[in-house]
Amino acid sequence: MFKVPPISAQRLPDLLRAMPKAELHIHIEGSLEPELIFALGQRNNLKLPYATVQELRSAYAFSNLQSFLDIYYAGASVLLHEQDFYDMARAYLGRAALDNVLHTEIFFDPQTHTARGVAMETVINGLHRACEDARQELGISATLILCFLRHLSEESAFETLEQALPLIDKVVGVGLDSSEVGHPPEKFARVFARCKELGLHLVAHAGEEGPPAYIWSALDVLKVERIDHGVQAVHDAALMRRLAQDRIALTVCPLSNQKLRVFPDLADHNLGKLLDAGLAATVNSDDPAYFGGYINENFTQVFAATGMSVRQAYQLAFNSFEASFASHPEKRVWEHKLKETFERFFEQD
Ligand code: HPA
Ligand code: ZN
């Protein structure tokens, strides 16, 4: 393991911004900024229930996950054409590159769109073309993870998978999101088993608001490779040991947890505890247009609030590459760049 050099604490915010990183938990519909919602609404001749960008932004005051999801699904209703999906994803990728994101695995929620009559190929082709262009223009690596909405039925998830099959080469894996409590992972056991047979990578949101039991069943029933959020694992010592032993990554989203009142005060966030227990935690933005910041803002705010260390910064960035579904050679290149950034900061200290 790389011996992290002693860099002065006052340079930590700059280091957090400069260090190369991967983002593994970003819902592309959650990157739709109010300005883009208005621009797309106008382009598609839609009438929005808000008069101005400011009015829409001022509606972003959430009390829990469901209160956010209601506004998030309404915002996504401006997406109709392939170019709309392209513009949304291209805007996110441009923003992520500024935060020194070298690789990102992007969630999308097809059922939010197919339910409104938008074709699956419109969604996937628009997002995929944005990923290809961003790789050419910015050098950023980006792949797509199709998420099933857990408040909908198993049958709807199977139908969604069926619709995506002709385009499945453009998708690296599947996930599970939306309203957690009352919709345990095992509801989707059969559809995840089918996805595994198809060779897709598997992830699921679990332990955001829901209990540790949902993390257990995401691991043991769905057979996921990463847990999205997972912060409720601290309430179950046996689960913490399992996650550490099997190096199951948690894609933690500090500003999301603050805004949805999982940890109303960021100073109480348990990210440091998860790392101290030997878990492969990572930092991510979840829905940056709604929660007040992209990935670097998540890093700088949670470090400022909790007093985490330079060594923990390195560990989080390293974990993000290691937990990604990229190839081993790609991971080694990114991890080398990460080391170089820390050495450069040390020499300049
Ligand atoms: N949790 C569940 N579903 C979601 C989220 C989240 O944080 N963001 C977008 N869909
Ligand atoms: Zn999420």
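One-based numbering, in listed order, for ligands and for the atoms of each.
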Subject >> Heavy-atom gap G30 to ligand 1 smaller than 4.0 Å >> reply: no

**OP:** Using a 4.5 Å cut-off on heavy atoms from C-beta on, say whether the side chain of D287 contacts that of I26.
**Re:** no

Subject >> Quiz item: cation-pi between R226 and F325, 6.0 Å / 45° >> reply: yes

Original post:
Does the pair R241/D236 count as a salt bridge with the N-to-O cut at 4.0 Å?
Top reply: no

**OP:** Return a yes/no value for H27: is any of its N or O atoms, backbone included, closer than 3.5 angstrom to an N or O of ligand 1?
**Re:** yes

**OP:** Classify the contact between Y72 and ligand 1 as side chain, backbone, both or neither, using a heavy-atom distance cut-off of under 4.0 Å.
**Re:** side chain

Original post:
Looking only at heavy atoms, is any part of D228 under 4.0 Å from ligand 1, and if so is it the side chain, the backbone, or both, or is it neither?
Top reply: neither

Subject >> Atoms of ligand 1 close to F68 [distance to a heavy atom under 4.0 angstrom, numbered from 1] >> reply: 8 (N), 9 (C)

Original post:
Looking at H27, which of its N, O or S atoms is the nearest one to the Zn ion (ligand 2)?
Top reply: NE2

Subject >> Those atoms of ligand 1 less than 4.0 Å from some heavy atom in D177 >> reply: 3 (N), 10 (N)

Subject >> Distance-only polar pair, side chains of N284 and T282, donor-acceptor under 3.5 Å >> reply: yes

**OP:** Report, rounded to 10°, the angle at the Zn ion (ligand 2) between the two atoms NE2 (H205) and NE2 (H25).
**Re:** 90°

Original post:
Any cation-pi pair here, K21 with F299, using under 6.0 Å and within 45°?
Top reply: yes

Original post:
What are the two closest non-hydrogen atoms of S179 and L65, and how far apart are they?
Top reply: CA-CD2, 4.2 Å

**OP:** For ligand 1, indicate whether the residue D109 contacts it via side chain, backbone, both or neither (heavy-atom separation under 4.0 Å).
**Re:** neither

Original post:
Do F107 and L144 have side chains that get closer than 4.5 Å, going by heavy atoms?
Top reply: no

**OP:** Do me a favour and list the nearest non-hydrogen protein atom to atom 8 (N) of ligand 1 with residue, atom name and distance?
**Re:** D287 OD2, 2.7 Å

**OP:** Indicate yes or no: does an N/O atom of Y73 lie under 3.5 Å from an N/O atom of ligand 1?
**Re:** no

Subject >> Pair E330-S327, side-chain donor/acceptor within less than 3.5 Å >> reply: yes

Subject >> Flag side-chain contact, heavy atom, 4.5 Å: H201 against C195 >> reply: no

**OP:** May I ask you to identify the nearest protein heavy atom to atom 1 (N) of ligand 1, giving residue, atom name and distance to one decimal place in Å?
**Re:** E208 OE1, 2.8 Å

Subject >> R129 with E82: basic N within carboxylate O range, under 4.0 Å >> reply: yes

**OP:** Tell me whether D286 has at least one N, O or S atom under 2.8 Å from the Zn ion (ligand 2).
**Re:** yes

Subject >> Any N/O pair D286/ligand 1 closer than 3.5 Å >> reply: yes

Original post:
With a 4.0 Å heavy-atom cut-off (strictly under), which part of E180 contacts ligand 1: side chain, backbone, both or neither?
Top reply: neither

**OP:** Return the residue, atom name and 0.1 Å-rounded distance of the protein heavy atom closest to atom 3 (N) of ligand 1.
**Re:** S178 N, 2.8 Å

